[in-house]
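A quick write-up on the structure given underneath.
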2 protein chains.
Amino acid sequence: VIAIRGLRRSYPMGDAVIAALNGVDLEVRRGEYAAIMGPSGSGKSTLMNLIGCLDTPDGGEYRLNGRLVSAMKDGELATVRNREIGFVFQTFNLLQSANALHNVEMPLIYAGVKRRERLERARTALRDVGLGDRMHHRPSELSGGQRQRVAIARALVNRPSLLLADEPTGNLDTTTAGEILSTFDALHAAGNTLLLVTHDEEVAHRARRIIRIRDGKIESDRANP
Amino acid sequence: VIAIRGLRRSYPMGDAVIAALNGVDLEVRRGEYAAIMGPSGSGKSTLMNLIGCLDTPDGGEYRLNGRLVSAMKDGELATVRNREIGFVFQTFNLLQSANALHNVEMPLIYAGVKRRERLERARTALRDVGLGDRMHHRPSELSGGQRQRVAIARALVNRPSLLLADEPTGNLDTTTAGEILSTFDALHAAGNTLLLVTHDEEVAHRARRIIRIRDGKIESDRANP
Ligand SMILES: Nc1ncnc2c1ncn2[C@@H]1O[C@H](COP(=O)(O)OP(=O)(O)OP(=O)(O)O)[C@@H](O)[C@H]1O
Ligand SMILES: Nc1ncnc2c1ncn2[C@@H]1O[C@H](COP(=O)(O)OP(=O)(O)OP(=O)(O)O)[C@@H](O)[C@H]1O
Ligand SMILES: [Mg+2]
Ligand SMILES: [Mg+2]
């Protein structure tokens with residue numbers, strides 16, 4: 001479902017250039033569950049943003065479901081992002097002025113789902129991450145781990161075939177993290193594809209494959225165990 | 001250094017009231033190194049914000065170095081926060097429009113340190129967290145773990161006698177986290193007091209005492225090991 005070759009992404013800074021991704025080759029098949037690990041600053045979030053069609057590379061090729069992403073027009077990209085991809089951001093990226101329920105509703109509004117159904121699905125998604133009693137809280141009225149869980153619920157509510165989660169358990173205690181990972185297992189068992197960035201070896205070992213990144217390149221890519 | 005009795009903090013939400021902290025008793029002596037753990041939403045950040053004088057309780061007493069914090073005027077509180085307390089926020093709270101160096105300089109500007117010395121100290125603090133080559137990046141030009149480290153450098157630059165760190169390693173790989181924890185060990189060895197919120201049992205076991213919170217109350221408080 002994901003075919004990447006020679007992917008590059010650089011940032012000019014003054015007269016230097018930072019090669020955040022320096023030639024990445026990666027293939028992910030439908031239904032796989034992979035974890036991405038690597039040091040802070042090694043390029044994991046940069047790679048996730050490119051895979052999630054939220055950023056464009058400076059070099060290389062990226063095909064999603066066989067279609068060259070660089071050849072897609074904005075409208076098509078937006079539809080792909082909304083219908084097929086669920087993204088949990090490392091910094092959550094919630095709408096501060098809206099409550100949890102409305103934040104989780106947003107992808108469904110974009111997808112044209114009718115009000116009654118989308119409210120029902122958003123409520124269910126929040127209950128599934130343990131926030132049934134926090135639906136009307138805005139992000140500033142939630143704890144760090146609760147905001148993280150709203151971001152997770154929002155990523156799951158549109159039943160994505162590809163889940164991209166950038167450090168989804170970093171602000172969660174072990175028990176709550178375990179519940180989220182069980183939810184991810186169920187999504188995987190339903191035939192969906194999951195790509196998780198994590199610093200936690202225990203979280204990574206729930207995946208079937210571990211990809212390690214260093215200095216903008218893939219250092220190793222192995223089945224787990 | 002910290003003496004807390006019956007501390008309470010509630011948030012009215014519609015016609016309900018959320019008791020984020022529901023009667024907390026806590027004593028921390030000078031030079032102690034304690035970890036605070038507990039489920040997501042149990043009141044850890046709320047407690048840290050009260051200890052850091054960033055919020056006021058609805059009930060109970062808090063004495064810092066023997067002085068009743070509720071009796072302090074704004075000016076005195078601000079000076080205490082700047083001179084004695086270093087705070088690493090769970091969501092970093094960096095100034096988006098300023099680069100890393102300027103963000104770390106801020107507490108020194110407030111403390112009236114002269115320009116040449118404060119630039120030198122800010123640079124050193126950033127090098128100490130491995131960001132010597134990222135000083136001129138703004139937060140949006142940094143990875144999640146790099147932003148976390150800028151927040152840590154900013155908390156340490158004024159040589160606080162009390163460090164309050166709310167999940168300081170949540171976005172860091174094991175190696176980088178280990179470097180930060182060694183820096184904390186050195187701060188502790190110099191006679192300072194450290195209070196760390198963490199979800200990571202390995203991080204908690206670097207402390208000498210583990211305090212567990214559940215539903216706004218202290219559930220257990222033991223020496224480690
Ligand atoms: N807009 C930008 N301008 C300049 N440099 C950038 C920018 N965005 C990211 N970088 C740099 O690119 C590198 C890769 O960043 P990225 O966010 O992908 O790292 P990461 O592996 O996700 O790290 P972490 O584990 O800390 O989240 C970092 O060294 C970062 O400083
Ligand atoms: N402004 C607010 N209004 C209403 N409720 C709030 C507000 N701020 C926090 N809360 C609630 O208070 C409780 C405690 O929040 P707190 O941020 O202290 O939790 P925490 O232990 O730090 O959790 P985490 O591990 O997820 O960071 C949470 O259930 C949260 O929903
Ligand atoms: Mg990242
Ligand atoms: Mg918290």
Side-chain angles (χ1 to χ4, degrees), chain A residues 11-14 16 18 20 37-49 89-92 94 99 129-131 133-149 166-177 179-180 197-202 204 212-214, chain B residues 11-14 16 18 20 37-49 89-92 94 99 129-131 133-149 166-167 169-177 179-180 197-202 204 212-214 216:
Chain A
Y11 298 104
M13 286 291 294
I18 292 178
M37 302 190 81
S40 172
S42 55
K44 306 178 296 297
S45 297
T46 302
L47 177 61
M48 292 289 270
N49 287 337
F89 294 89
Q90 186 170 8
T91 47
F92 318 154
L94 300 176
N99 65 23
V129 295
L131 294 178
D133 60 355
R134 290 287 183 274
M135 292 191 192
H136 302 291
H137 287 234
R138 287 188 305 268
S140 60
E141 297 166 332
L142 292 171
S143 77
Q146 290 167 347
R147 290 175 205 170
Q148 188 156 43
R149 284 183 275 160
D166 197 344
E167 311 209 36
T169 61
N171 282 284
L172 302 176
D173 55 283
T174 312
T175 306
T176 311
E179 290 161 17
I180 295 302
V197 170
T198 184
H199 283 309
D200 192 324
E201 293 277 351
E202 290 196 32
R212 295 187 191 266
I213 291 189
R214 182 177 292 276
Chain B
Y11 298 103
M13 285 292 292
I18 292 178
M37 302 190 83
S40 173
S42 55
K44 306 177 297 297
S45 296
T46 302
L47 177 61
M48 292 288 269
N49 287 337
F89 293 88
Q90 186 170 8
T91 48
F92 319 154
L94 300 176
N99 65 24
V129 296
L131 294 178
D133 60 355
R134 289 288 184 273
M135 291 192 193
H136 303 291
H137 287 234
R138 287 190 304 269
S140 61
E141 299 165 333
L142 292 171
S143 77
Q146 290 168 345
R147 290 174 205 172
Q148 188 157 41
R149 284 183 274 160
D166 197 343
E167 310 209 36
T169 62
N171 281 285
L172 302 177
D173 56 282
T174 313
T175 306
T176 311
E179 291 161 16
I180 296 301
V197 169
T198 185
H199 283 308
D200 192 325
E201 292 278 350
E202 289 195 32
R212 295 188 190 266
I213 290 190
R214 181 176 294 274

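Sequence lines set the chain letters: A, B, ... in the order given, protein chains first and strands last, and positions in each chain run from 1.
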Any donor-acceptor N/O pair, A/D173 side chain to B/S40 backbone, under 3.5 Å: yes

Stepwise side chain to side chain contact (heavy atoms under 4.5 Å, CB included) test for B/I18 and A/R134: CA-CA 10 Å; B/I18 292 178; A/R134 290 287 183 274; 3.7 Å; yes

Interface moiety of B/H137 toward chain A, non-hydrogen atoms closer than 4.5 Å: both

Per-residue contact mode, A/E141 against chain B (heavy atom under 4.5 angstrom): side chain

Part of B/L142 lying under 4.5 Å from any heavy atom of chain A: neither

Contact residues of residues 42-49 of chain A (partner chain B; heavy-atom separation under 4.5 angstrom): none

Portion of A/T176 that has a non-hydrogen atom of chain B nearer than 4.5 angstrom: side chain

Most contacts with chain A, counted as non-hydrogen pairs under 4.5 angstrom, among B/H199, B/M37, B/E201, B/M13: B/H199

Region of B/T91 in contact with chain A, defined by heavy-atom distances below 4.5 Å: side chain

Region of B/Q146 that comes under 4.5 Å of a non-hydrogen atom in chain A: both

Euclidean distance, A/E167 CD relative to B/N171 CG, rounded to 0.5 Å: 5.0 Å

